[in-house]
Amino acid sequence: MSTVITLPVLLPMLGAAVTVVFARSPVLQRVVGVVVLAVVAALAGVLLVVADGSGPVVAELGGWAAPVGIALVADRLSALLLLVSTLVTLAVLVYAIDQRIADYGRGTASTTFHPMYLMLSAGVSLAYLTGDLFTLFVAFEVMLTASYVLISRRTTATRVRAGMTYVTVSLMSSLLFLTAIAMVYAATGTVNLADLAGRMDALPAELRTVLGLMLLVVFGIKAAIVPLHFWLPDSYPNAPGPVAALFAGLLTKVGFYAMLRTQTLLFSRDEPWTLMLVLAVATMLIGALGALAQNDLNRLLSFLLVSHIGFMLFGLAVFDAESVGGAALYAAHHITVLATLFLVSGLITRRTGTVALDQMGGLVGTAPGLAVLFVIPALTLAGIPPTAGFVAKLALLEAGVGAGSGPVAVAGVVIVASLLTLVALVRVWVRVFWGEPRPALPDDDPDDEVVVGTAATAAPMYAATAGLVAVSLAISVFAGPLTAMTDRAGVDLLDRGPYRVAVLGDAP
Amino acid sequence: MLALVLAHLVLAGLLPMVSARSRPAAFAVAALPPSITLLWAFSQTGAALGAGVTESVPWAPALGLTLSFRLDALALVMIILVSGVGAVILVHCIGYFAPDSPQATRSAALLLAFAGAMLGLVLADDLLTLYVFWELTSIASFLLVGQGGERRAERRAAVQALLVTVFGGLAMLLGFVLLGEAAGTYRISEILADPPRGGLVTVALVLVLLGAFTKSAQLPFHPWLPAAMVAPTPVSAYLHAASMVKAGVYLVARLSPGFADLPVWWGPVVVVGLGTMLVGGWRALAETDLKKLLAFGTVSQLGFLMVLLGAGQRTAALAGTAMLLAHALFKAPLFLAVGTIDHATGTRDLRKLSGLRTALPGTAIAATLAAASMAGVPPLLGFVGKEAAFEAFVSEGGARGYLLAFGVLAGSVLTVAYSARFLWGAFAAKPGVEPTAVRHPPGALLTGPIWLCALAGLLLGTAYVLVDLLTEPYSALYPDEHGYHLALWHGFNVPLLFTAIALGGGLLLHRARGTVDALSHHSPVDAQRGYRATVEGVSRLAVAVTGRLQAGSLPLYLGAILVTFVLLPGVAAVLAGQWPVDQLVYDSVLQVPLALVVVVAALALTRSHRRFTAVLLVGVIGYGVGGLFIVDGAPDLALAQFLVETLSLVAFVFVLRRLPSHFTERRATLRSRLPRLVIAAVGGLTVAGIAVVLSAARVGPAAVSAEFVRLAPAEAGATNVVSAIIVDFRALDTVGEIGVLFIAAAGVSSLVLATRYDTRRKRRSGGDEVRSGQNDPEHEREVL
Amino acid sequence: MIIIPTINLTMAATIAVLYAVGFYLLLSRSLMRVLIGVVVLGHASNLLLQLAGGPPARPPIIGTDPAAMADPLPQALALTAIVITFALTTFLLALGYRSFVLVGHDEVQDDVEDRRIGGQKADPVALESADDDPPDDSDDPSSDRIASTDDDVEAAATGERERP
Amino acid sequence: MAEPDRADPDPEQAWDGPRQPWLLNGDCRGPRHRSLLLEITTRAVFPTVLVFSVYLLLVGHYGPGGGFSAGLVAGLAFVLRHIAGGGGDLGSGRAVRPPTVIGAGMAVGVVSALLPLAFGLRVLESAKLGAALPVLGAVEVQTSLFLEVGVYLLIVGVVLELLRSLGSGIERDLEESGERARQ
């Protein structure tokens, strides 16, 4: 098992190296990409089963017991998110490959796409699995740098600004992260998370708060918490379609995962976290209102993404086993649903030639399949039963109402935000799928990745999107075992014991 | 029971395949599951009227999410509406939709799916199960009202129906969760057995009522229902008369036995219900569109039902259950009759219709029968129900009893009036209006269902014992005060008087329709305007908030991040306030000159306006920091720092060749730079301050450094401990690190080498547009 | 090993100045300045990381007295961080170059769509229909909208279309 | 590569310019860009620095150095050569292309992490390898050296890539857009 846990990190890296060395063979690149990710997904599944059955899986790299060496840890939370993320990554890769084939033909290789894509996947895996604060920094850098390259792969005059915003803000967060690590080391003398948990407790409470808030800001930038979120709606929508889907699905959730992991493991608290409740309310409302003001489909989705980060923050803020488990479940479903919506948005754009809502219409008649592909994730995001979004939201609500009057009030805001989400999505439906069918706009930029017209949309692109829809439906169908597991994950997270024992041995 | 519900839904998914061959056949197939359900329900009557039939399938037990179903007397009544009336309406659809109608395919599948969802809703014995199906009916209604969404009225109506009902639904969800939390279970039967009380339960009940009111189109949420009349008439008949709008009433009926003793429950129910009954009835008198007339009538009746089922007493419950049944049996055929008229003549405007009494005699008689039941004319079911209603409130007495009794009486007068108006409007020969031509005489498929429902109303009115049997078990949940039973004849008593007053008053009101018409157009408050204002207000708020916050400026975004960083950890650090007492000025003398160099270079950097100078100053800082590393005893670090700094300089110089020599930024005034200066300075001080405080608070020796020193030579075969850490102890970091380099290099070449493949072209707006050369096949080949 | 690595005043001042200058440059519009700000912040955080290990001591090479040896771990971490910062710097440099080539200058522009929304005078984007939008700003590149053919609301209300 | 300078007809400018790839292999740049002194220095220093970098690579376990610094030193040698010999000197198709070097470095790094699995060890676990070489006698090598080699290769590749893009690439852009190099 300890080997299995390293492979989700090392295999994609190896794949990236191979795809660079053999960059002249597009077929090999595609095969390597898909096979590697499929294997990683399978391994993640194995890890999840094992971690749920017999406790966290730990790999002591190089045979050095933590805290001397770096430990990779797969507990329920990380294995679950790893599995869902990898499935999304795989589906988006299939989509992207077929989009490329549809647009450029089979023979064109891409020098940067496949290697960067695999490196991004490696970074994400490492971020989920690492049990070391500094390695988390490295993982973030691998992931983010790959994302910088991917977002600036097709820089045009309009897109370069989005790339700038994204890169600059992310760099700032990275440097603040490094600063925070230095502070943590200055105060505690260790960077191993399990070891830190013990040493943090020995710090005076006020100083612990300082460190906790510092890490909160650092990860909050990546997770796009209000008021650290402004960069997101300005950058994601401008990325190429599949890339935007991947970012929207994964990156913010990795940020949230890091927040969840560090806050629960390092900074235990006994009652709801008022500051976080406030941030959650702000994030939910400002994101949802932002979505209502947009005319660009991708921007609208980006704002909804921000809004729903607030839902997870709510789970974290309540800070009990139930709510933290609920937040984990919410994150898992959110990864799939956002990626799906962005892929659907890509398909819509290919058909209509625009992302402007007021330029589209009538797709329910001309593309009924697309309508179905949109409706299911849209309902999921809005939390309408019986979708996964409903189950996850219910988990959060239940945890919230049991935790005192503050959380109950915020639960009310969750309801309001859900309604606003629905309003925004209904607007998309009304404007894109209802109304008069309109002719596709002429392609503004004929040689970019978006080729307008149905003929150029490969069936596998639909299949990949449908696959993600299926994943999201599966979360709903298997909500029973899943919620039971996220509940156990929540208990583990707050208990901290199993994690520390698994990493450090019996006497932490 | 779950299997029945799923059968509906699955078949609905498969129905488009049938529609592809024959659309009428699709409706015929769609009518099967409801029929089977009805038969099944009747076969279970004995058990349903007794202990009830239960079934429970766990879904997510950790969340208390279980699909629990229970067939009891109330559910049985509802199934007659949902499945019985549903099947009849689906049969009507066969004749209503043209064989080539594009709406038919969609409608058949959605109607069947809706029937499934509604069935699940009425069978649910679990709040969450109920919620699941509740929202599904909202979605089905949205799609059925909106249809293809080609016309604005349809879109508006669909959106309004969805938003209003989901708003209530979401509020109700929170109410359910609160209720479930207080009761410890979501199982309705268990909650009712031991109803929770307490502060949050009050909130929960208000929220639940919000859901019920929106779904059942109660004041002030009612406008969505008349608006939804743009849907095809059978859809209106099914969703917006017979079944879906009953969901709210049904929910109130479900929960009343547990909570009707609380003023927070019966108070709003009674006030809102009565108000809705009166307002709906009044508005119905002003409508000229027959369908809208019926819609307002439905609103009014829903208010009536709300009062009866939420009042929390046995006789009222008995009356409510009977009226529930009666309403479906008279309102559905009335809608279908309007549909038939519309189908036959092409209009449903009562100002244009004339003389249909003779042209469509069959429809006219059936509709009259139904309308009479609505008006409460004996011996129809409507009369039986209304008698019981009057009896309930009259015998209750007291302020509430009389208020309700007279309120209901006033409502009944209005009901009779609009019933008469409907019949007059639809069928009467009007002076001055030429008789309407019947272009498509209705076939048996259209009129048959109308007759079936109308006759059922008559039959059940006379066979009131059956209805009594059916409604008794539910009303028995309340204490039996008077031993009242449904019957056609209770002797000469006050209720009978009330009925007479209602009939007489209503007919008088109808005769005075000219005056009423003029009056009823002056409505002081317009709930529809309220909905509009809310939606527009939210949109306006969204634009205002977003426009203000999302400024689009990168420096502002970075500033926001920095301010947050200063505010959160910074303030916490100030509050902690543990400045070390033993802080030295310096540890090694050499640190001072090096620090001075770094600081001076850094400060000069802020004032440099030439790019090249700036890069050189950065180099100075870098080498200075390298020097500090040497002083600190980190030769490896220093070596790397010097090498990296040199390479960075080279890279900078490479790029600077192409850039202008000065920064292009306008030279800002001090005033405009001041916020930046302040934020930056405070940020720097915050970081340094926190660093000092935290470094002074170290809780123990470094965790593993001693271990590194011990293990490095023996186990890792290295005397350079740093090197051992990098390639052995923490080799994974190094692998990740080279990964970053790997990515960055690929990114750099992709970006830079693309330039020569960029193409410029003129934009429509006149300016030049540069198209990216990245991904150009030539570019890809070169990057390779 | 040293237990209390309290950062001395000189170093604290250096850190403060480096961070302040880095932040200041980061907040400017010129991309080159932002880039230089990132480099300065990188130096600052690497220095801070090294300082977190404790005051100056002997290089951590076996053979010196372990008690007088500097903490090796922060050095290793800082080394990794230096490399990563370098990689990021070069990437940002290339991005700045690309931006310069494409746009003709290296200033970070404001987001056009944000500005459009910010400029709307509280004209709500109506929910129900695609046709009663406020007119877009003229600088919207895709403003040649297609005229819609919406039917009459009244006709809709009377349900003419239901006739087979 | 466009070489307008090569056919410079001005004899006074060209009379003493070297015309062959005399000191360094690769294309000959225009005489205006060439500097004899720099070329000679580079010629002398380049191999030495490369050898020194290999020394740094091997000594890393025992003193300051290691794969990273060694790679950078080697990279700086290539930078010097680039400045002296111009972009045409490096990576013009004859030599191994930089992305391949980078990819190889990455591959070596990852494989060295996975290789211990083949010997029943854990991922990234290192061991001492002893070997009797004909001339040197018994040599002991820590297997973590493989990772160092990967790092070394990758860094060299990265520097070459930077030279190709930021160096030659921008230079070519400058020439194509008719601007003069400032430095």
Side-chain angles (χ1 to χ4, degrees), chain A residues 23 61-62 64 67-70 108 111-112 119 135 138 141-142 145-146 149 154-157 165 183 186-187 189-190 195 199 202-203 206-207 209-210 213-214 217 227-228 230-231 289-290 292-293 384-386 391 394-395 397-398 401-402 415 418-419 422 426 430 434 479-480 483-484 487, chain B residues 59-60 62-63 132 135 148-149 155 159 166-167 170 174 177-178 181 539 542-543 545-546 554 557-558 560-561 564-565 568-569 572-573 576 687 690-691 694-695 697-704 707 728-733 736 739-740 743-744 746-747 750 770 772 774-775 777 780 783-784:
Chain A
L61 290 178
W64 306 109
V68 170
I70 295 168
T108 345
T111 43
T112 45
M119 286 308 283
T135 311
V138 175
E141 291 319 305
V142 173
T145 319
V149 180
R154 275 205 57 79
T155 42
T156 55
T165 308
M183 308 270 194
T190 184
D195 197 22
R199 288 173 170 245
L203 268 184
E206 306 85 41
L207 295 185
T209 313
V210 173
L213 290 177
M214 206 179 288
V217 172
L228 311 169
F230 295 114
W231 57 274
L289 287 176
L292 286 180
I384 301 291
V391 178
L394 181 67
L397 286 177
E398 285 186 358
V401 301
I415 295 294
S418 298
L419 184 67
L422 184 77
V426 162
V430 168
W434 278 354
T483 49
D487 257 19
Chain B
W59 180 11
L63 302 178
V132 169
E135 295 292 38
R155 297 196 292 264
V159 169
V166 170
F167 157 71
L170 282 168
L174 184 57
V177 173
L178 284 167
E181 183 72 21
S539 295
V543 171
V545 168
T546 311
L554 179 59
Y557 296 173
L558 292 171
I561 292 174
T564 315
F565 186 77
L568 291 183
V687 172
I690 297 178
L694 285 171
S695 65
R698 169 68 74 86
V699 288
V704 284
E707 281 293 289
D728 212 324
F729 300 118
R730 298 181 66 91
L732 188 65
D733 281 350
V740 175
I743 299 162
S750 165
V770 181
S772 175
Q774 270 175 300
N775 264 21
E780 296 282 9
V783 174
L784 268 169

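Residue numbering restarts at 1 for every chain, and letters A, B, ... go by the order of the sequence lines. Being a predicted model, the structure only gives us computed values, none of them experimental.
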K.L.:
Looking only at non-hydrogen atoms, find the nearest pair between B:Gly736 and A:Val142 and report the distance.
P.N.:
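Closest pair (atom of B:Gly736, atom of A:Val142, distance): O-CG2, 3.4 Å.
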K.L.:
Rounded to the nearest 0.5 Å, what separation is found between the CD1 atom of B:Ile561 and the CG atom of A:Leu228?
P.N.:
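So the CD1 of B:Ile561 and the CG of A:Leu228 are separated by 6.0 Å.
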K.L.:
Heavy-atom pairs under 4.5 Å with chain B - which of A:Pro227, A:Pro67, A:Gly69, A:Gly62 has more of them than the others?
P.N.:
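Option with the greatest count: A:Pro67.
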K.L.:
Rounded to the nearest 0.5 Å, what separation is found between the CG atom of B:Leu63 and the CG atom of A:Asp487?
P.N.:
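That separation rounds to 6.5 Å.
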K.L.:
Under a 4.5 Å cut-off applied to non-hydrogen side-chain atoms, are B:Ser539 and A:Leu292 in contact?
P.N.:
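Of all side-chain heavy-atom pairs linking A:Leu292 with B:Ser539, none is under 4.5 Å.
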K.L.:
Please find the pair of heavy atoms, one from A:Thr209 and one from B:Ala572, that lie closest to each other, and give the distance.
P.N.:
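Looks like CG2-CB, 4.4 Å.
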K.L.:
Enter the distance from A:Glu141:CD to B:Asp733:CG here, rounded to the nearest 0.5 Å.
P.N.:
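Between A:Glu141 CD and B:Asp733 CG, I get 12.0 Å after rounding to 0.5 Å.
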K.L.:
So which of B:Ala60, B:Ala697, B:Ala691 has the biggest tally of heavy-atom pairs under 4.5 Å with chain A?
P.N.:
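Going by pairs under 4.5 Å, I would pick B:Ala60.
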K.L.:
If you compare all heavy atoms of B:Glu181 against all heavy atoms of A:Glu398, which two are closest, and at what distance to 0.1 Å?
P.N.:
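Taking every non-hydrogen atom into account, OE1-O, 3.8 Å.
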K.L.:
Where does B:Leu554 contact chain A at under 4.5 Å (heavy atoms): side chain, backbone, both or neither?
P.N.:
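Contact with chain A involves the side chain of B:Leu554 alone.
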K.L.:
Distance from A:Leu213 atom CG to B:Thr564 atom OG1, nearest 0.5 Å?
P.N.:
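So the CG of A:Leu213 and the OG1 of B:Thr564 are separated by 11.5 Å.
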K.L.:
Under a 4.5 Å cutoff for heavy-atom pairs, which residue among A:Leu207, A:Ile70, A:Val138, A:Val391 has the most contacts with chain B?
P.N.:
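Maximum pair count with chain B is reached by A:Ile70.
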K.L.:
Taking it one step at a time, do A:Met119 and B:Val740 satisfy side-chain contact (heavy atoms from CB on, under 4.5 Å)?
P.N.:
CA-CA 9 Å; A:Met119 286 308 283; B:Val740 175; over 6 Å; no
K.L.:
Which distance, rounded to the nearest 0.5 Å, do you find between the CG of B:Leu170 and the CG of A:Leu419?
P.N.:
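Output value for this atom pair is 6.0 Å.
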K.L.:
Is it the side chain or the backbone of B:Val132 that comes within 4.5 Å of chain A heavy atoms, both, or neither?
P.N.:
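Both parts, heavy atoms under 4.5 Å.
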K.L.:
To the nearest 0.5 Å, tell me how far A:Leu61 CG sits from B:Arg730 CZ.
P.N.:
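Interatomic distance, A:Leu61 CG to B:Arg730 CZ, rounded to 0.5 Å: 10.0 Å.
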K.L.:
Counting heavy-atom pairs under 4.5 Å with chain A, which one of B:Val687, B:Val545, B:Leu178, B:Thr546 comes out on top?
P.N.:
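That would be B:Thr546.
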K.L.:
Let's test your reading of the structure: which of A:Leu394, A:Ile384, A:Thr190 forms the most heavy-atom pairs below 4.5 Å with chain B?
P.N.:
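Highest number of pairs under 4.5 Å: A:Leu394.
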K.L.:
Do you know which two heavy atoms are closest between B:Pro569 and A:Val217, and how far apart they sit?
P.N.:
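Scanning both residues, the minimum pair turns out to be CD-CG2, 4.3 Å.
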K.L.:
Please classify the contact of A:Val210 with chain B as side chain, backbone, both or neither, using a heavy-atom distance under 4.5 Å.
P.N.:
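For A:Val210, backbone and side chain are both near chain B.
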K.L.:
Any chance the rings of B:Tyr557 and A:Trp231 have centres within less than 6.0 Å?
P.N.:
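Distance test on ring centres: not under 6.0 Å, no.
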K.L.:
What are the two closest non-hydrogen atoms of A:Phe230 and B:Ala560, and how far apart are they?
P.N.:
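What the structure gives for the nearest pair is CE1-CB, 4.0 Å.
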K.L.:
Under 4.5 Å, counting heavy-atom pairs only, tell me which of A:Gly290, A:Ala202, A:Pro386 racks up the most with chain B.
P.N.:
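Among the listed options, the one with the most contacts to chain B is A:Pro386.
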K.L.:
Test B:Leu732 against A:Thr135 for side-chain contact (heavy atoms from CB on, under 4.5 Å), laying out the working first.
P.N.:
CA-CA 8 Å; B:Leu732 188 65; A:Thr135 311; 4.2 Å; yes
K.L.:
Return the minimal non-hydrogen interatomic distance between A:Ala479 and B:Trp59, and the atom names on each side.
P.N.:
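Heavy atoms only, the tightest pair is CB-NE1, 3.7 Å.
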K.L.:
Would you sort out whether A:Val401 and B:Leu174 count as a side-chain contact (heavy atoms from CB on, under 4.5 Å), showing the intermediate values?
P.N.:
CA-CA 9 Å; A:Val401 301; B:Leu174 184 57; 4.0 Å; yes
K.L.:
For A:Ile415, is it the side chain, the backbone, both or neither that has a heavy atom under 4.5 Å from a heavy atom of chain B?
P.N.:
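For A:Ile415, backbone and side chain are both near chain B.
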